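Right, one structure below, let's go through it.
Numbering of residues begins at 1 and proceeds along the displayed sequence. Worth saying up front: this structure is predicted, and the values here are computed from it rather than measured. Whatever order the structure lists them in is the order used to number ligands and atoms, beginning at 1.
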Amino acid sequence: MKASDFTYHRPSSAQELAGLLASLENAKVLAGGQSLMPMMNLRLLAPEHLIDINKIPGLAGIRRDGDVIEIGAMTRQVDVLESEIIAKDLPVLKAALEHVGHVQTRSRGTFGGSCCHLDPAAEQPALCRLLDAEFRVNGARGIRVVQAADWFQGMLESALAEDEFLEAIRIKPWTGSYGYGFEEYARRHGDFAIAGAAAMLAVDETQSITRAALMIFGVEASPARLANAEAALVGTKLPDLDVAIVTSAARGLEAMSDVHVSADYRSHLGSVMIKRALLKAKQHLTGSST
Ligand SMILES: Cc1cc2nc3c(=O)[nH]c(=O)nc-3n(C[C@H](O)[C@H](O)[C@H](O)COP(=O)(O)OP(=O)(O)OC[C@H]3O[C@@H](n4cnc5c(N)ncnc54)[C@H](O)[C@@H]3O)c2cc1C
């Protein structure tokens, strides 16, 4: 099948883009096209207007802005994966990017596109949830910033209004003594995961956990933070890390079922993934896997 008829627009500035989004009905932004074009070709989506943002200067690139890393929405996934800034300051993001699609899809697919599309099993928005990212959105009504906790509105639904576009994602890296782990299970490398998880733990000089972030994706419609388990870990000594607190919290998520797996299996997988991610984070800190 091929897409329904649409009118193609190619704005050359953010201002022009904002004007088009404000004035056109049933319009879609085209970034890397790796999700949008298949959906249009399958006629799951039939926008009347396609607004290609590939020629707008300033929407791509990774830079440090004080203690924050800013990733432009149009930054290709391959550039995030290969960035020295990301490798140094956000290594857990790099670990996750290694599981995203294939060379071809990463070369076109954008970081921002994945964060707008919001597949439940997508690694990039999930890592934004883990790292408490901020999403800077723009439009004819001006710029606003959305916190990661508010960005996810449900299956394939972000906090973007129809007349807005995502400009950049801002992430404050963790500093000091911390460890991280990323794990996912997909049937073939490059497929969307059935479930995945990431964990981060920071400790002080006495090996007390001072901060914890635990996130599971692919299990519920949006990536989930295990806030109660995070709070329970803070204050405990790293050698006494109680994995059961985390796995039982993971089992409390409302897992989805689909044609591939049952809800119970997905829930079980989520708990196994977060356990492995947590132990990896601990291993980073101690150099030992036990
Ligand atoms: C074979 C294959 C395997 C894949 N495997 C994975 C995988 O393992 N993990 C994974 O996470 N993804 C995977 N993907 C999806 C891929 O990561 C997509 O690139 C991503 O979901 C969307 O990014 P895009 O730049 O291609 O966006 P597009 O497809 O162009 O757009 C996606 C949606 O976001 C909107 N949008 C895009 N950018 C903006 C913006 N700046 N402002 C407002 N709205 C915007 C569009 O209007 C559209 O609704 C795979 C894709 C393919 C084809």
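- The protein heavy atom nearest to atom 33 (C) of ligand 1 is His117 CB, 3.9 Å.
- Side chains of Tyr185 and Met273 form a contact here, defined as non-hydrogen atoms less than 4.5 Å apart.
- With hydrogens left out, the protein atom closest to atom 29 (O) of ligand 1 is Leu36 N, 2.7 Å, a heavy atom.
- Scanning the protein heavy atoms around atom 30 (O) of ligand 1, the nearest turns out to be Gly33 N, 2.7 Å.
- Within 6.0 Å of atom CG in Asn228, 12 or fewer heavy atoms from other residues, nucleotides or ligands are found, so the atom counts as exposed in its surroundings.
- Ranking the protein heavy atoms by distance from atom 41 (N) of ligand 1 puts Leu166 O, 3.1 Å first.
- For atom 24 (P) of ligand 1, the closest non-hydrogen atom of the protein is Gly32 N, 3.5 Å.
- By the 3.5 Å distance cut-off applied to N or O atoms, Gln34 is counted among the residues near ligand 1.
- Of all atoms in ligand 1, listed by their number and element, those nearer than 4.0 Å to a heavy atom of Asp191 are 8 (O).
- Close approach of ligand 1 to Lys28 (heavy-atom distance below 4.0 Å) involves ligand atoms 47 (O), 49 (O).
- In this structure, Leu97 and Gln124 have side chains that are in contact, with non-hydrogen atoms separated by less than 4.5 Å.
- Ligand 1 places these atoms under 4.0 Å from at least one heavy atom of Phe192: 6 (C), 7 (C), 8 (O), 9 (N), 10 (C), 11 (O), 12 (N), 13 (C), 14 (N), 15 (C).
- Remark: Arg76 CZ is packed, more than 12 non-hydrogen atoms of other residues, nucleotides or ligands lying under 6.0 Å away.
- Under the 3.5 Å distance criterion, the side-chain polar atoms of Ser158 are left unmatched by any main-chain donor or acceptor of Phe152.
- From Gln153, atom CD reaches atom CG of Leu160 across 10.0 Å, with rounding to the nearest 0.5 Å.
- Looking at Leu285 and Ser177, their side chains come closer than 4.5 Å, going by heavy atoms from C-beta outward.
- In terms of polar-atom proximity, defined here as any N/O pair under 3.5 Å, Gly190 does make such a contact with ligand 1.
- By the criterion of a heavy-atom distance under 4.0 Å, neither the backbone nor the side chain of Asp119 is placed next to ligand 1.
- Using a 4.0 Å heavy-atom cutoff, His99 is listed among the residues neighbouring ligand 1.
- Note: Ile209 CD1 to Met200 CE = 13.5 Å, rounded to the nearest 0.5 Å.
- The CD atom of Glu220 lies 4.5 Å from the CG atom of Leu253; values are rounded to the nearest 0.5 Å.
- Near Ser35, with a cut-off below 4.0 Å to any heavy atom, the atoms of ligand 1 are 15 (C), 18 (C), 20 (C), 21 (O), 22 (C), 26 (O), 29 (O).
- Remark: Asp119 engages no residue in a side-chain hydrogen bond (donor to acceptor under 3.5 Å, both in side chains) (not counting sequence neighbours).
- Residue-to-ligand polar distances keep Thr105 apart from ligand 1: every N/O pair is separated by 3.5 Å or more.
- Here is the list of ligand 1 atoms found below 4.0 Å of a heavy atom in Ala122: 11 (O).
- For the atom pair CD (Glu162) and CG (Asn26), the distance works out to 8.0 Å, reported to the nearest 0.5 Å.
- Annotation for ligand 1: atoms under 4.0 Å from non-hydrogen atoms of Leu160 are 43 (C), 44 (N).
- Across the listed options Leu97, Thr110, Ile56, Ile51, Thr110 owns the non-hydrogen atom lying nearest to atom 25 (O) of ligand 1.
- Considering backbone and side-chain N/O of Gly109, none are found under 3.5 Å from N/O of ligand 1.
- Not a single N or O atom of Gly112, backbone or side chain, sits closer than 3.5 Å to an N or O atom of ligand 1.
- One finds a salt bridge joining Asp67 and Lys172 here, because a Lys/Arg side-chain nitrogen approaches an Asp/Glu carboxylate oxygen to under 4.0 Å.
- The nearest heavy-atom contact from the protein to atom 38 (N) of ligand 1 is Ala31 CB, 3.4 Å.
- Between the CE atom in Met215 and the CZ atom in Phe182 there is a gap of 6.5 Å [rounded to 0.5 Å].
- For Arg251 (side chain) and Asp264 (main-chain N/O), a donor-acceptor pair under 3.5 Å exists by modelled atom type.
- Ligand 1 does not have Leu59 within reach: every non-hydrogen atom of the residue lies 4.0 Å or more from it.
- Within the listing of ligand 1, atoms 41 (N) sit less than 4.0 angstrom from a heavy atom of Ile53.
- Here the rule is side chain to side chain donor-acceptor pair (under 3.5 Å) with Asn138, and of Glu167, Gln15, Arg144 only Glu167 fits it.
- The hydrophobic cluster containing Ile56 also includes Leu17, Leu20, Leu21, Leu24, Val29, Ile51, Ile53, Leu59, Met74, Phe165, under a criterion of side-chain heavy atoms closer than 4.5 Å among ILVMFWY residues, counted directly or through chains of members.
- Under a 4.0 Å heavy-atom criterion, Met37 is not in contact with ligand 1.
- Looking at ligand 1, you won't find any N or O of Cys116 less than 3.5 Å from one of its N or O atoms.
- Checking only distances, Glu123 does come within under 3.5 Å of ligand 1, N or O to N or O.
- For ligand 1 and Gly101, the ligand atoms under 4.0 Å from any heavy atom of the residue are 4 (C), 5 (N), 6 (C), 7 (C), 8 (O).
- The single protein non-hydrogen atom nearest to atom 27 (O) of ligand 1 is Gly113 CA, 3.6 Å, given as residue, atom name and distance.
- Val29 O, 3.0 Å is the protein heavy atom nearest to atom 46 (C) of ligand 1.
- Neither the backbone nor the side chain of Glu167 has a heavy atom within less than 4.0 Å of ligand 1.
- The aromatic rings of Phe135 and Trp151 lie parallel to each other, with less than 30° between the two planes, well short of the 60° mark.
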